[in-house]
Amino acid sequence: MSFPTPTRPVRTRFAPSPTGSLHIGGLRTALFNWMFARHYGGKFLLRIEDTDQTRFDPNALQTLIEAMRWAGLTWDEGPEVGGEYGPYVQSERLALYQEWANWLVAQDKAYPAYETPDELKRMRDEQTARKLPPGYNRQHRTLSAEERARFESEGRKPVIRLKVPLEGKTHCEDEVQGKVSFDNVDLQDTVLLKADGFPTYHLAHVVDDYFMKISHVMRAVEWLPSLPIHWLLWEAFGWDKPIYMHLPVMLNPNGQGKMSKRKPPVDSKGNIIPVMMHDYMKNGFLPEAVVNFLANTGWSFGDDIEIFDIADAVKRFDGSRIIAASAAFPVDKLHWLNGEHVRRLAPDDLAGRLRAPLEAAGLHVDETVLRQVAPLVQTRIKTLNEVVGMAGFFFKAEFSPAPVEAIIQKKMDAAGTAAALRRSHEVLSGVDDFTTQVLHDAIQPLTTELGLNNSQLFGLLRVAVTGQTISTPTFETMEVIGKAETLQRIELAISLLDAAGVNG
RNA sequence: GCUCCAUUCGUCCAGAGGCCCAGGACGUAGCCCUCUCAAGGCUAAGACACGGGUUCGAAUCCCGUAUGGAGCACCA
């Protein structure tokens, strides 16, 4: 399916409401808009939809900006960067919405309604009790001038509602979903301007998209049911519509319901899957992996290629091949992709990214050691944070030995293990060039002498030296920690084994 | 309940009437490699929801059914 070539300058926007950190689904919406604008050499804007005073969160904007920047989604117009169509925060544009709401009333396309929220709730309760579809009964649509005056004199503040046609159909176009039609009878006289003078989303986004010259609106499919209202609004204003593209939702990994932070999804092992971007950021995911992953659900790169650079994706992201069906969140693939991107990093780059999780775990990170360790963990971690468990011991101020049972390998006992460590100690003491290959060649011959296999000998040395049963490779590790420390740890292990032998 | 949308392996994606007894990836299983854990290599199991059309021919077009999802606020 080919996508219609844009006939005007491409301008897309991401328009979140600042109510907390960014939802991962929100980032996907932002990413699609961003890629689309970049593909066509257009502009990508960030607009803040803060028209709900009851949900105001002063920190949310900063949090949101952090997540966007982390993911590399730079905007050409919006908060902190400005632009010629600002302000880009809706609460700073109230006069505009009021002006156009009043214009609609003057044109008889909208009308004031004076019910209180309580009255409306009662109306709905009654309707549901009588098994009728809930909705506004339009009783103020035809108010006379004196009825209005009476309500006003009671001190009631009206909302402004759209005057939806009572019959006929509204046919809408969507570049992802195709043609969608709605019977006007099923539509509501939706509120455009609230009693507090703030616009609802419906009014605000149409006005803003018009004045900000938005060419393509990509948003979550949650909005599809209100598309006819928006369509009618554009027509009431007599403005040219942008092209709408409704993106599928990301469902829980089990496919049941959309991802929500209030009901956190769990993976097959019962672990909670984060929904908010800040959790991904602090859990050791790479931005390039997250962005790759997000571009890969709801859209695909093509040519059976799954691992790609976002710049290459931009070249292909022309608006076609966006999936219309909602999809379960493929978490396992995210982990795999993160591992793939970790492996693609230059070792020093990886080292730099490993510092934060290590320090967050309370470790003191030496730069030289870090650079030596990075290549050793590169194929062994999927998320950055896993470095702590795998190689945290390199940075511990004090060595904590493993329990003796862990040092003793399969089919061995304490005495035999201690003997093997003594011989190894002897041999290692004579090695001056403490490097991986030399160490390996010095120790390897001991297997025949001691009647052990590589797994047993190298294994007991590993546990003695690292204090862990799962670790970076034995000889590489010895090289990094150095001769003195290696010998000292072996001595410690021997004494622990001896003590255990005496007591046991 | 009503409205709208969707429906290819467990999951994410290929597939725009013959190239498909359906391809890739994740995951799963087995083997190889191997000092642990990984990584890597090889192999395997695994899907066109169902029923009607249209057509010489349908995963692909149309209509129903079923299932899933989204929405039905002075929230976005």
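Below, chain A is the first sequence line, B the second, and so on; all start at residue 1. Below, all heavy atoms of this structure are taken into account, side chains as well, without hydrogens, waters or symmetry copies.
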> Is the Lys NZ or Arg CZ of A:Arg161 less than 6.0 Å from the centre of A:Tyr136's six-membered ring, within 45° of the axis?
Replying inline: yes
> Does A:Gln256 get its side chain close enough to the base of B:G68, under 3.5 Å, for a donor-acceptor pair?
Replying inline: no
Span that lies between the [atom1] atom of [M] and that of [N], in whole angstrom:
N: B:C48; M: B:U60; atom1: P; value: 12 Å
N: B:U43; M: B:U7; atom1: C1'; value: 32 Å
N: B:A59; M: B:C19; atom1: P; value: 9 Å
N: B:G71; M: B:A76; atom1: C1'; value: 13 Å
N: B:A47; M: B:U28; atom1: C1'; value: 16 Å
N: B:A22; M: B:A14; atom1: C1'; value: 10 Å
N: B:C9; M: B:G15; atom1: P; value: 16 Å
N: B:C12; M: B:A6; atom1: C1'; value: 16 Å

> Could you run down nucleotides 27-51 of chain B 5' to 3' and tag each one B, S or - for protein heavy-atom contact under 4.0 Å?
Replying inline: --------BBBBSS-----------
Is the distance between the ring centroids of [X] and [Y] less than 6.0 Å?
X: A:Phe475; Y: A:Phe458; result: yes
X: A:Phe32; Y: A:Phe317; result: yes
X: A:Trp231; Y: A:Phe182; result: no

>> Counting only side-chain heavy atoms from C-beta out, which of B:C75, B:C4, B:U3 sits nearest to A:Asp52?
In response: B:C75
>> Taking the minimum atom-to-atom distance to the side chain of A:Gln177, which one of B:C12, B:C75, B:A6 wins?
In response: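 Of the candidates, B:A6 comes closest.
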> Between B:U11 atom P and A:Phe293 atom CZ, what is the distance in whole Å?
Replying inline: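 Distance, rounded to whole Å: 15 Å.
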>> What is the separation between atom CZ on A:Arg55 and atom C1' on B:C74, rounded to the nearest whole Å?
In response: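 Answer to the nearest Å: 13 Å.
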> Between A:Lys179 and A:Pro330, who's closer to the 5' end of RNA chain B by nearest nucleotide?
Replying inline: A:Lys179
> If only side-chain N and O atoms of A:Arg161 are considered, is one of them under 4.0 Å from the OP1 or OP2 phosphate oxygen of B:C74?
Replying inline: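 Yes, within the criterion.
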Do [X] and [Y] have a side chain donor and acceptor closer than 3.5 Å?
X: A:Gln139; Y: A:Glu115; answer: yes
X: A:Asp189; Y: A:Tyr111; answer: yes
X: A:His202; Y: A:Thr190; answer: no

> What is the base-pairing partner of B:C42, counting Watson-Crick and G-U wobble geometry with both distances under 3.5 Å?
Replying inline: B:G30
> Within the structure shown, what part of the strands sits under 4.0 Å from A:Tyr201 by heavy-atom distance: base, sugar-phosphate, or nothing?
Replying inline: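 Contact class for A:Tyr201: base.
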